[in-house]
Amino acid sequence: DAGVTQSPTHLIKTRGQQVTLRCSPKSGHDTVSWYQQALGQGPQFIFQYYEEEERQRGNFPDRFSGHQFPNYSSELNVNALLLGDSALYLCASSLFEGRDTQYFGPGTRLTVL
Amino acid sequence: AQKVTQAQTEISVVEKEDVTLDCVYETRDTTYYLFWYKQPPSGELVFLIRRNSFDEQNEISGRYSWNFQKSTSSFNFTITASQVVDSAVYFCALSEALITGGGNKLTFGTGTQLKVEL
C-alpha cells in the first residue's frame with residue numbers, strides 16, 4: 001500500500017520564478033493538505049483540497065495556489081518566488097469524512113536563490 | 001484561535017532514560033483533536049497518536065505513553081527507556097472538529113528536538 005508521494009524531492013529556483021510541486025495521496029484518501037515548514041519551525045498550514053475545491057486556507061498570500069485532480073492528486077503552485085519561500089513543503093492526505101488523521105509525504109525541499 | 005506551545009526546544013538524554021515531552025494547547029472549541037508526530041532527520045512526519053477532546057484516557061503503546069489533561073490543556077508524551085532511534089524532532093498538533101466548509105487544518109507547535117545518546 002503506497003503512502004503519500006511527493007515530487008520532486010529537491011528543487012532550486014531563483015527569485016521571481018514560478019514552481020509547481022506535486023503530491024499523490026495515500027490509497028483510499030480523498031483529501032490533500034499542504035504545509036510549509038521553514039528551518040527550525042513547525043509546519044504551517046497553506047490550504048486543504050477536497051472534491052477539487054479549496055476547503056480551508058491558512059495565512060498565505062495569493063502567490064500560493066493549488067489544484068486537486070479527479071484522481072485526488074494535487075499540485076501546489078508558487079508564483080514570484082521570494083527568498084523567504086525557501087522551505088520544506090509537506091503534503092498530507094486523509095479521508096474527509098470524520099476529520100481523519102493526516103498522513104504526510106516525504107516533502108519537497110525548495111531553495112530559492 | 002488555536003495555539004500549541006512546546007516550551008522545550010531541545011532535550012538530551014542518555015539511552016534507557018525516560019523522557020517526557022510537554023505540550024500545552026489553546027482552543028475555544030469544545031470538540032477538537034490532538035496529535036503527536038515524529039520527524040526524523042529524513043524530514044517525513046510520522047504519525048504517532050490522535051486523541052479527541054472527549055477521551056481523556058491515558059494511552060500506552062509499547063515504550064510510548066500519552067497523558068491528556070483537559071484541566072491543564074496539556075497532552076504530554078513520555079518515552080520510557082529511550083533509545084538512540086528515538087532521536088528526532090517531535091511535534092504536537094491540534095485540529096478543530098467543526099469548521100465551516102469542512103477543513104481540518106493542523107496547528108503545530110514549534111517542536112522539541114530529542115537527542116538520545118549512548
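The chains referred to below are lettered A, B, ... by the order of the sequence lines, with proteins before strands, and numbering in each begins at 1. Only this structure's heavy atoms are used, side chains among them; waters, hydrogens and symmetry mates stay out.
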- Item | Shared hydrophobic cluster, A:Phe64 / A:Leu11 (ILVMFWY, side-chain heavy atoms < 4.5 Å) | yes
A:Arg63, CZ atom: more than 12 neighbouring heavy atoms under 6.0 Å: yes
CG of A:Asp100 to OH of B:Tyr33, rounded to nearest 0.5 Å, is 9.5 Å
Tell me whether B:Leu48 is reachable from B:Val4 by hopping between hydrophobic residues (I, L, V, M, F, W, Y) whose side-chain heavy atoms are closer than 4.5 Å.
yes
Non-hydrogen side-chain atoms of A:Phe104 and B:Leu106 separated by less than 4.5 Å:
yes
When you group the ILVMFWY residues by side-chain heavy-atom contacts below 4.5 Å and let the links chain together, are A:Leu21 and A:Val4 in the same group? no
Bottom line for A:Ser33: the part with an atom under 4.5 Å from chain B's heavy atoms is neither
A:Tyr103 side chain reached by B:Glu44 side chain, heavy atoms, under 4.5 Å: no
Practice item. Evaluate the side-chain proximity of A:Gln102 to B:Asn104: yes if any heavy-atom separation is below 4.5 Å, no if none is. Key: yes
When the 4.5 angstrom heavy-atom criterion is applied to B:Gln39 and chain A, the contacting part is side chain
Honestly, the part of A:Glu54 sitting under 4.5 Å from a heavy atom of chain B is neither
Checklist entry - Should we say atom CG of A:Leu39 is surrounded by more than 12 heavy atoms from elsewhere, each under 6.0 Å from it? => result no
Worksheet item: Between B:Phe108 and A:Phe45, does the ring centre distance come in under 6.0 Å?
Response: no
One option among A:Gly105, A:Ser94, A:Ala92 has the most heavy-atom pairs under 4.5 Å with chain B, and it is A:Gly105
Could you tell me whether A:Leu113 atom CG has more than 12 heavy atoms of other residues or ligands within 6.0 Å of it? yes
Please say yes or no: joined through hydrophobic side-chain contacts below 4.5 Å, possibly via intermediate residues, are A:Ile46 and A:Phe96 part of one cluster?
no
Q.
Tell me whether B:Leu45 shares a hydrophobic cluster with A:Phe47, the cluster being built from Ile, Leu, Val, Met, Phe, Trp, Tyr side chains joined at under 4.5 Å.
A. no
Nearest heavy-atom contact between A:Leu90 and B:Gly43 is CD2-O, 4.1 Å
Under 4.5 Å to a heavy atom of chain B? For A:Tyr35 that would be side chain
